[in-house]
There are 2 protein chains.
Amino acid sequence: MRKETSSNALNEKKINATCGMGYALSLIGGRWKSNILWRLLNSDKLRYSELRRLIPGISERMLVSQLRELEADQLVLRVVYPEVPPRVEYALTDLGKSMRPMLQSISDWGEMHRKVTAED
Amino acid sequence: MRKETSSNALNEKKINATCGMGYALSLIGGRWKSNILWRLLNSDKLRYSELRRLIPGISERMLVSQLRELEADQLVLRVVYPEVPPRVEYALTDLGKSMRPMLQSISDWGEMHRKVTAED
DNA sequence: CGCATAACTTACTTTTTTATCAGTACCTGA
DNA sequence: TCAGGTACTGATAAAAAAGTAAGTTATGCG
């Protein structure tokens, strides 16, 4: 759980309140979020079980919690079909889709950095 | 300290090895890094004490450790002047400067997201 | 009835990251 | 000689993030 009054939490809050960059990173910075977002950017929508299969190594707990956070931040839409067995589909919202150029530039820069520093 | 063989560490390693985005985020994702990088982007070079003053709330230990990581990742250059009292200046490397468009796009998107979600 | 299935929960532990706070070395000017 | 500035280091503790493993729910099918 989060302790809202710790220096830790307060520092994070202060940073995010003043800096768009810190704020944005807090939204996409979870361990598995980039991976999840990447999958969703490349396919219209995905079921929970598809995401689980596509992302090797992720636990159910992590998959759910990252999805819930993305949903709370209005980046991902969760659609439940009242069937048995259940079916739940995840898709990017418009706000989520607006991340594409940013995510692309992060990805490109990362690959560039990796290449450049590998030469040493 | 880091335990290189934990599932946690292995997961991170695997993600970063395959995904430029995860890799890039691991370089700029520290609590204070965006702040430090922002300052350095906006001024040619800064002394340790200037950074400390510019970034309210950061502890010396955090400032040093974040700078050291940035240095290890070849994003920041550390120049020591053998004077008394000591003078140490930090500046972005060329690789560091190459982050500007990426950081700008992260920042812009963050501000946009904040504005849009504040309307609810 | 009892099993299978999808999409989760819950309880708990481990690992990682941040914070706190007290040093250190060096010379200098008073 | 002694306080003061600069740029740190180290030990320890607190907080947060991530991982592990075992439930849960609802229902259609054999």
Side-chain angles (χ1 to χ4, degrees), chain A residues 1-16 22 25-36 45-71 76 78-90, chain B residues 1-16 22 25-36 45-71 76 78-90:
Chain A
M1 226 204 316
R2 271 211 108 128
K3 218 178 151 182
E4 295 291 340
T5 57
S6 65
S7 288
N8 198 332
L10 293 179
N11 274 339
E12 188 183 357
K13 200 168 280 184
K14 191 161 55 177
I15 289 168
N16 295 351
L25 290 174
S26 77
L27 301 183
I28 62 171
R31 164 77 46 93
W32 302 94
K33 281 188 187 169
S34 50
N35 207 317
I36 293 173
K45 57 189 196 282
L46 287 169
R47 296 182 62 166
Y48 174 87
S49 53
E50 290 176 309
L51 281 165
R52 184 159 39 96
R53 269 191 291 275
L54 285 169
I55 304 174
I58 197 171
S59 70
E60 308 219 352
R61 181 176 149 18
M62 270 296 116
L63 178 53
V64 173
S65 84
Q66 304 276 286
L67 284 170
R68 290 286 190 278
E69 287 181 21
L70 292 170
E71 199 192 348
V76 158
R78 176 170 177 267
V79 182
V80 182
Y81 296 84
E83 305 171 0
V84 171
R87 179 158 62 104
V88 178
E89 287 179 348
Y90 294 92
Chain B
M1 223 204 318
R2 273 210 107 137
K3 219 178 150 183
E4 295 291 339
T5 55
S6 66
S7 289
N8 198 330
L10 293 179
N11 274 340
E12 188 184 357
K13 199 169 280 184
K14 190 162 56 175
I15 288 169
N16 295 350
L25 290 173
S26 76
L27 301 183
I28 62 172
R31 163 77 45 96
W32 301 94
K33 281 187 186 169
S34 52
N35 208 318
I36 293 172
K45 57 190 194 285
L46 287 170
R47 296 182 62 166
Y48 175 84
S49 53
E50 292 177 307
L51 281 166
R52 184 159 38 95
R53 269 190 291 275
L54 285 169
I55 304 174
I58 196 170
S59 70
E60 308 220 354
R61 191 182 171 310
M62 267 297 115
L63 179 53
V64 172
S65 86
Q66 304 277 286
L67 283 169
R68 292 283 189 281
E69 287 181 21
L70 292 170
E71 200 193 348
V76 159
R78 178 171 176 266
V79 182
V80 182
Y81 296 86
E83 305 171 0
V84 170
R87 181 157 61 101
V88 179
E89 286 178 350
Y90 293 91

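Small disclaimer: the values here were computed from a predicted structure and weren't measured. When reading the values below, keep in mind they use all heavy atoms of this one structure, side chains included, and skip hydrogens, waters and symmetry mates. First the proteins, then the strands, lettered A, B, ... as listed; each starts at 1.
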Sugar-phosphate or base contact per nucleotide [nucleotides 3-13 of chain D; S, B, -; heavy atom under 4.0 Å]: --BBBBSBB--
Starting at CG of B/Asn8, measure out to NZ of B/Lys13 and round the result to the nearest 0.5 Å. 12.0 Å
From the 5' end of DNA chain C to its 3' end, which nucleotides mark the outer limits of contact with chain B, defined by a 4.0 Å heavy-atom distance cut-off (strictly under)? C/dT15 to C/dC27
Identify, between B/Asn8 and A/Asn11, the residue whose nearest nucleotide on DNA chain C lies closer to the 5' end. B/Asn8
Nearest atoms (heavy-atom pairs only) where A/Lys14 meets B/Gly57: NZ-CA, 4.4 Å
Bend angle of the helix from C/dC1-D/dG30 to C/dA30-D/dT1, end axes from five pairs each (to 10°): 30°
Can a side chain N or O of A/Ser65 be found less than 4.0 Å away from OP1 or OP2 on D/dA18? no
How far does CD1 of B/Ile36 sit from CG of B/Leu51, to the nearest 0.5 angstrom? 6.5 Å
Kindly compute the distance separating CD1 (A/Ile15) from OG (B/Ser34), expressed to the nearest 0.5 Å. 6.5 Å
Which heavy atom of A/Pro86 sits nearest a heavy atom of A/Arg47, and at what distance? O-NH2, 3.4 Å
How would you label the contact of A/Ser7 with the nucleic acid (heavy atoms, under 4.0 Å): base, sugar-phosphate, or nothing? sugar-phosphate
When we call it a touch if two heavy atoms are under 4.0 Å apart, what does A/Ser6 touch: a base, just sugar-phosphate, or nothing? sugar-phosphate
Indicate the atoms forming the closest heavy-atom contact of B/Asn11 with A/Arg31, along with that distance. CB-NH1, 3.9 Å
Taking every non-hydrogen atom, the tightest pair across A/Leu46 and A/Leu54: CD1-CD1, 3.8 Å
I want to confirm an ordering. Mapping A/Trp32 and A/Ala9 to their closest nucleotides on DNA chain D, which one lands closer to the 5' end? A/Ala9
For the residue pair B/Trp32 and B/Gln66, what are the closest heavy atoms and their distance? N-OE1, 3.2 Å
Nucleotide D/dA17, atom C1' - distance to CD of A/Glu12 in whole Å: 11 Å
Tell me yes or no: between the side chains of B/Tyr48 and B/Glu60, is some donor less than 3.5 Å from an acceptor? yes
Rounded to whole Å, please give me the gap between CZ in B/Arg2 and P in D/dA17. 15 Å
Which atoms form the tightest heavy-atom contact between B/Ile55 and B/Ile58, and what is the distance? O-CG2, 3.2 Å
If you measure from CD on A/Glu89 to NZ on A/Lys45, what distance do you get to the nearest 0.5 Å? 4.5 Å
